[in-house]
Every structure is written in structure tokens, then in C-alpha cells.
Amino acid sequence: MLSGHRLRVGFVAFLLVVAACSGTPTATDPEFPPWLETMVASTTDFQKEILLDGEVTVDELEKAILANVQCQTENGVEIRDFVFDPFGGGYEMSIVWGEDRPDDSDLESLDAIEEMCTIEYSIAVEGMFMFQNQSTPEELSAELARTAQCLREKGFEVPEGAAQQQLQEIAASERRIYGECRQLAQDQSN
């Protein structure tokens with residue numbers, strides 16, 4: 001019997017990790033934040049080829065993510081149910097375990113493979129794509145208002161004008177519902 005673990009990988013999570021880990025910028029182009037400049041300048045040849053023209057298309061993003069997934073598969077991660085949705089928050093896939101629930105060392109090994117493949121094939125491409133497609137302050141405000149309304153409709157008490165962090169905290173016990181409401185709000189923006 002196989003049991004699966006579904007991962008929802010969003011670009012925002014990668015950006016937060018990269019922003020926290022970035023070093024000194026290598027260029028002074030004010031168009032890009034320093035963490036993105038650093039990441040792009042120090043990335044792998046595979047990603048540099050995609051980033052050469054300074055822009056990431058949906059097809060290029062998909063190429064990078066598929067290379068990441070293939071890398072994980074080649075390193076022993078069994079992946080099923082892969083879905084790519086760049087404007088819906090990233091990609092989704094199921095990691096298949098054996099009959100026994102994985103222990104901490106299994107999870108650490110999986111994390112190491114995922115990190116290695118992401119750094120090699122997609123993190124800079126994902127960061128650039130996210131930067132190029134980020135919401136304006138007005139769009140973000142509208143998305144948050146729609147997210148709050150959706151959460152209210154699902155029974156949560158949400159104050160008017162709640163910030164994103166507040167919304168996440170309010171729905172912390174039901175992360176799936178928060179994700180669905182956030183997804184719906186973003187879909188209405190596109």
C-alpha cells in the first residue's frame with residue numbers, strides 16, 4: 001500500500017527563503033531588488049541560459065520546474081500527480097512513500113534532494129518570474145479583500161482591512177481553506 005504526501009509549492013515560499021539568504025548584490029540595477037540580482041548573478045548555467053534575455057516566460061518557467069522535478073525523480077524521489085499552474089501559485093505534486101511513514105532522516109534526505117534540484121534548475125527562474133508578475137499594491141489589496149470575504153463565507157471572523165499575515169493567523173487551524181480562498185482571490189485577479 002502506498003501513501004502519498006501532497007506538496008503545494010508556491011513561488012512566494014521560494015522568494016522568502018531566497019530573500020532571507022541573499023548576500024551582497026553583484027549589480028546596482030535599481031529595477032531589481034538586491035536579493036534577486038544576487039541570485040541571478042550566482043545561478044547555474046542551466047538557469048543563466050533561461051535568464052539571458054532578462055525575462056522569464058511561462059514556457060521557460062515550466063522548463064525550469066520540469067527540470068527540477070526530473071532531477072528529484074532521478075535522485076530517488078517518486079513523484080505522482082504533477083500539476084503546473086504558474087498563475088495559481090506554482091506547482092503541485094504528490095511524493096509517494098512506502099507502507100511506513102517516513103522518519104526524520106527520510107524527510108531530511110527528501111529536503112536535501114529538493115533543495116539541491118531547486119538550486120540547480122529553478123530557484124532563480126522562479127524568483128525572476130515572480131518578480132515580473134508580482135501584484136501591484138492595488139491588486140494585492142483587492143486580493144486580500146477577496147480572501148477575507150471568502151474566509152467570512154467559510155465561517156471565520158475576519159475584521160475589515162485585515163493584512164495577509166492576519167488572514168493567515170485567523171485561518172491557521174484550516175490552512176487548506178486559507179489556501180483555497182487565497183487561490184480564488186488570485187484567480188479573480190487574472
Side-chain angles (χ1 to χ4, degrees), residues 4-97 102 105-137 139-140 143 164 168 179 182-183 186-187 189-190:
H5 176 67
R6 195 167 232 9
L7 299 175
R8 178 73 176 170
V9 182
F11 301 124
V12 174
F14 286 118
L15 294 181
L16 293 176
V17 169
V18 173
C21 298
S22 66
T24 306
T26 59
T28 57
D29 183 350
E31 183 177 343
F32 299 113
W35 64 264
L36 184 57
E37 289 181 44
T38 301
M39 183 172 45
V40 169
S42 64
T43 195
T44 62
D45 290 341
F46 177 88
Q47 293 177 82
K48 282 181 182 177
E49 184 179 321
I50 292 172
L51 298 168
L52 193 59
D53 63 359
E55 180 178 339
V56 177
T57 66
V58 172
D59 290 341
E60 290 170 328
L61 176 66
E62 184 175 29
K63 175 183 176 181
I65 290 174
L66 289 174
N68 177 340
V69 171
Q70 180 178 349
C71 172
Q72 291 184 54
T73 301
E74 289 172 354
N75 282 280
V77 178
E78 188 175 344
I79 297 174
R80 294 207 180 128
D81 305 324
F82 176 81
V83 176
F84 173 71
D85 180 10
F87 296 109
Y91 54 97
E92 193 174 299
M93 61 187 176
S94 294
I95 304 292
V96 180
W97 312 116
S105 66
D106 294 330
L107 294 175
E108 287 173 12
S109 176
L110 177 67
D111 287 345
I113 291 169
E114 179 186 11
E115 180 179 355
M116 174 190 70
C117 294
T118 299
I119 290 170
E120 179 68 26
Y121 293 105
S122 67
I123 197 164
V125 173
E126 290 181 58
M128 180 66 82
F129 182 84
M130 183 65 179
F131 178 77
Q132 291 171 335
N133 293 284
Q134 65 186 330
S135 300
T136 65
E139 291 168 336
L140 181 58
E143 287 173 13
Q164 185 169 356
Q168 290 171 337
R182 188 79 175 117
Q183 181 69 48
Q186 290 173 339
D187 288 349
S189 294
N190 294 333

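To the nearest 0.5 angstrom, L66 atom CG is 7.5 Å from F84 atom CZ. Here the CG-CE distance, from N68 to M116, works out to 9.5 Å after rounding to the nearest 0.5 Å. Atoms NZ and OG1, from K63 and T57 in turn, are 9.5 Å apart once rounded to the nearest 0.5 Å. Between the CD1 atom in I119 and the CD atom in E114 there is a gap of 10.5 Å [rounded to 0.5 Å]. Interatomic distance, E60 CD to L51 CG, rounded to the nearest 0.5 Å: 8.0 Å. Atom CD of Q70 sits about 10.5 Å away from atom CG of N75, to the nearest 0.5 Å.
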Worksheet item: Can you check side chain to side chain contact (heavy atoms under 4.5 Å, CB included) on F131 and V56, steps first, answer last?
Response: CA-CA 10 Å; F131 178 77; V56 177; over 6 Å; no

Item to complete: Give the C-alpha distance, both sets of side-chain angles, the deciding distance and a yes or no for side chain to side chain contact (heavy atoms under 4.5 Å, CB included) between Q164 and R182.
Response: CA-CA 10 Å; Q164 185 169 356; R182 188 79 175 117; 3.7 Å; yes

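Of the listed residues (D81, V83, V69), just one forms a side chain to side chain contact (heavy atoms under 4.5 Å, CB included) with M93, and that residue is V69. Checked against V125 for a side chain to side chain contact (heavy atoms under 4.5 Å, CB included), the options T43, I50, T44, V40 give a single hit: I50.
Residue pairs meeting the ring-ring contact (aromatic ring centres under 6.0 Å, His included) criterion with at least one member in residues 41-81, sequence neighbours excluded: F46-Y121. Applying the ring-ring contact (aromatic ring centres under 6.0 Å, His included) test to pairs two or more places apart or on separate chains, none has a residue in residues 47-66.
Counting only distance, with no hydrogens or angles, the side chain of T118 and the backbone of I123 share no donor-acceptor pair below 3.5 Å.
Legend: residues meeting side-chain contact (heavy atoms from CB on, under 4.5 Å) with V77, ordered by chain and number and at least two apart, are Q72, I79, I95, L110, I113. Partners of E62 according to the side chain to side chain donor-acceptor pair (under 3.5 Å) rule, which considers only residues two or more places apart in sequence or in another chain, do not exist here. Under the rule for a side chain to side chain donor-acceptor pair (under 3.5 Å), T73 has no partner lying at least two apart in sequence or in another chain. By the side-chain contact (heavy atoms from CB on, under 4.5 Å) test, E55 pairs with D53, Q132, sequence neighbours left out.
For the pair S122 and A64, the tightest heavy-atom approach, listed with the atom from each and the gap, is CB-O, 3.7 Å.
Remark: E49 CD is loosely packed, at most 12 non-hydrogen atoms of other residues, nucleotides or ligands lying under 6.0 Å away.
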